[in-house]
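Structure, as structure tokens:
All values derive from a computational prediction rather than experimental measurement. Order of the sequence lines fixes the chain letters, A, B, ..., with proteins taken first and strands second; residue numbering starts at 1 for each chain.
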Number of protein chains: 2
Amino acid sequence: MTKAALPGLSLCNNATLRRAGRKLGRFYDDVLAPSGLKGTQYGLLYQIHIGSEPAMGAIAEALIMDLSALGHTLKPLIRDGYVETFADKDDRRVKRVRLMPQGRAKLDEAMKLWSVAQQRFEAMVGKDEAAKLRAALDAVAALDFDMPPAR
Amino acid sequence: MTKAALPGLSLCNNATLRRAGRKLGRFYDDVLAPSGLKGTQYGLLYQIHIGSEPAMGAIAEALIMDLSALGHTLKPLIRDGYVETFADKDDRRVKRVRLMPQGRAKLDEAMKLWSVAQQRFEAMVGKDEAAKLRAALDAVAALDFDMPPAR
DNA sequence: TTTGATTAGTGGCATATGCCACCTTTGCGG
DNA sequence: CCGCAAAGGTGGCATATGCCACTAATCAAA
């Protein structure tokens, strides 16, 4: 009896989610590798693609990520000429992002690879199961963790 | 009808998982904040705690993380005196990790906060749902993504 | 035993994410 | 019109993760 008695960290919702994330992330990254994009970058490009020259704040909100984190993540994509940012015409505080032709092409290229990863994954867990999992994860992402602290 | 026509990135298993991870991660991090530990550090300390002075490789495998990534992540914990590493007696290639008294105390302290986060989360999604989600995530973590590329 | 393959980690480099302090622009009142 | 609070980003700093090249210690085959 090793020590299975102790509650493994599979009991922690957060740890379990992170662990699965590392695993799945590496899989998608591997499949996307030929395009030179990471899974996160692919997702970011896609999000920009489906938006209408979205503002950084809008992207951050959609991806549920910190605005500054988005700024950092965007840098390599700008550096590589995939996207470009520009000030909003009406509100100069707002900075919008748009895909450049090269980014568009790269997205198309990566999309094919993404399909492979997506299909391979769903073939393993089952399309229904995958959909259920995504639904559950979306539900988590939509939760309102308002801290009681305060005001 | 905004542009819901385009397949949102909620269709990508990887993006969905990452997004939920960011959200949940911040929640656990916020609750654990008073202890000074991040959710990842808590999980790592816990993993070391339930092991018998585990080797780095064993920890990395359990957490499904890159060995070098584990090394990096371990540094702040060593610096703060929570854990210590030492060479295995029989195989000097192996480096084992053990909790220091201070780490033990910190873990106990953080565990209380963790319970709060865990309970608050499960109160929102339901204990059963949470268990199902963890099971699904563990299943993903256990998948064997063997590339066909190969050899 | 000598050598070559394997195993376990390290260090450097790059991206992913967050928080916080700060700077600009706006929006509002007064 | 002035001054101030709110909104939207930026930069710096710290942790989280990976990959790759390299080193040290073992192991196995000749």
Side-chain angles (χ1 to χ4, degrees), chain A residues 14-15 17-33 36-45 47 54-61 63-80 82 85-97, chain B residues 14-15 17-33 36-45 47 54-61 63-80 82 85-97:
Chain A
N14 186 45
L17 187 49
R18 276 178 157 313
R19 180 164 49 180
R22 284 190 289 269
K23 177 89 172 214
L24 194 60
R26 270 200 269 187
F27 173 59
Y28 273 77
D29 279 357
D30 285 347
V31 179
L32 284 173
L37 290 179
K38 307 294 222 56
T40 48
Q41 303 182 311
Y42 170 74
L44 181 47
L45 281 188
Q47 185 66 38
M56 290 191 55
I59 300 174
E61 190 177 1
L63 299 184
I64 308 184
M65 71 185 318
D66 187 87
L67 182 55
S68 74
L70 171 61
H72 301 318
T73 305
L74 222 39
K75 277 176 192 163
L77 297 178
I78 295 174
R79 178 201 58 198
D80 297 337
Y82 296 151
T85 59
F86 59 100
D88 181 283
K89 298 312 175 197
D90 304 314
D91 188 336
R92 274 181 299 175
R93 282 173 306 180
V94 176
K95 189 192 278 188
R96 292 179 174 286
V97 188
Chain B
N14 185 46
L17 186 50
R18 275 178 156 317
R19 181 163 48 179
R22 284 190 290 269
K23 177 88 171 212
L24 194 61
R26 269 199 268 186
F27 173 59
Y28 274 76
D29 278 356
D30 285 346
V31 179
L32 283 173
L37 290 180
K38 307 296 222 53
T40 47
Q41 302 182 312
Y42 170 74
L44 181 48
L45 282 189
Q47 185 66 36
M56 290 190 56
I59 299 175
E61 189 177 2
L63 299 184
I64 307 186
M65 70 185 316
D66 187 87
L67 182 55
S68 73
L70 171 62
H72 301 319
T73 305
L74 222 40
K75 277 177 193 164
L77 297 178
I78 294 174
R79 178 201 58 199
D80 297 337
Y82 295 151
T85 59
F86 59 100
D88 181 281
K89 298 310 174 198
D90 304 314
D91 189 336
R92 274 180 299 173
R93 283 174 306 180
V94 176
K95 190 192 279 187
R96 292 179 174 284
V97 188

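Put simply, the side chain of B/D29 never gets that close to the backbone of B/K38: no donor and acceptor are under 3.5 Å apart.
Along DNA chain C, the nucleotide nearest A/D80 and the nucleotide nearest B/A58 are compared for position; the residue whose nucleotide lies closer to the 5' end is B/A58. Between B/K38 and B/A55, the one whose closest nucleotide on DNA chain C sits nearer the 5' end is B/A55. Residue A/R96 is the one, among A/R96 and B/K89, whose nearest nucleotide of DNA chain D lies closer to the 5' end (criterion: closest heavy atom). Mapping B/R92 and B/L70 onto DNA chain D by nearest heavy atom places B/L70 closer to the 5' end of the strand.
Within the 4.0 Å cut-off from OP1 or OP2 of D/dT17, at least one side-chain nitrogen or oxygen of A/R22 is found. The side chain of A/R18 places no N or O atom within less than 4.0 Å of a non-bridging phosphate oxygen (OP1 or OP2) of D/dA16. In terms of phosphate contacts, B/T73 brings no side-chain nitrogen or oxygen within less than 4.0 Å of OP1 or OP2 of D/dT15. Residue B/R26 places none of its side-chain N or O atoms closer than 4.0 Å to OP1 or OP2 of C/dT17.
Side-chain to base pairing of A/R93 with D/dA7: one donor and one acceptor N or O lie within less than 3.5 Å of each other. Under 3.5 Å, the side chain of B/H72 and the base of C/dG11 form no donor-acceptor pair of N or O atoms.
For A/P76, whose side chain is taken as the heavy atoms from C-beta onward, the closest listed nucleotide among C/dT15, D/dG9, D/dG11 is C/dT15.
For the pair B/Y42 OH and D/dA16 P, the interatomic distance rounds to 15 Å; values are reported in whole Å. Put simply, CG on B/L24 is 15 Å from P on C/dT17, counting in whole angstrom units. If you measure from atom NZ of A/K75 to atom P of C/dT17, you get 15 Å, rounded to the nearest angstrom. Rounded to whole Å, atom C1' of D/dG18 lies 15 Å from atom CG of A/L32.
If you check every strand for non-hydrogen atoms under 4.0 Å, B/D90 touches sugar and phosphate atoms only. Within 4.0 Å of A/S68, counting heavy atoms only, lies at least one base atom of the nucleic acid. Residue B/D91 is classed as a sugar-phosphate contact, given heavy-atom separations below 4.0 Å to backbone atoms only. B/D66 comes within contact range of at least one nucleobase, with a heavy-atom separation under 4.0 Å. Heavy atoms of B/R79 sit under 4.0 angstrom from primed sugar atoms or phosphate atoms, though from no base atom. Within 4.0 Å of B/G57, counting heavy atoms only, lie sugar-phosphate atoms of the nucleic acid but no base atom.
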#### Entry: side-chain contact (heavy atoms from CB on, under 4.5 Å) between A/M65 and A/T73, intermediate numbers included
CA-CA 10 Å; A/M65 71 185 318; A/T73 305; 4.2 Å; yes
### Message
Using side-chain contact (heavy atoms from CB on, under 4.5 Å), reason through B/D88 and B/R92 one step at a time and then give a plain yes or no.
### Response
CA-CA 5 Å; B/D88 181 281; B/R92 274 180 299 173; over 6 Å; no
### Task
Decide yes or no on side-chain contact (heavy atoms from CB on, under 4.5 Å) for A/Q41 and A/L32, but give the supporting numbers first.
CA-CA 10 Å; A/Q41 303 182 311; A/L32 284 173; over 6 Å; no
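Counting all heavy atoms, side chain and backbone alike, A/V97 lies closest to A/T85 at CG2-CG2, 4.0 Å. Of all heavy-atom pairs spanning B/R18 and A/T40, the tightest one is NE-CG2, 3.0 Å.
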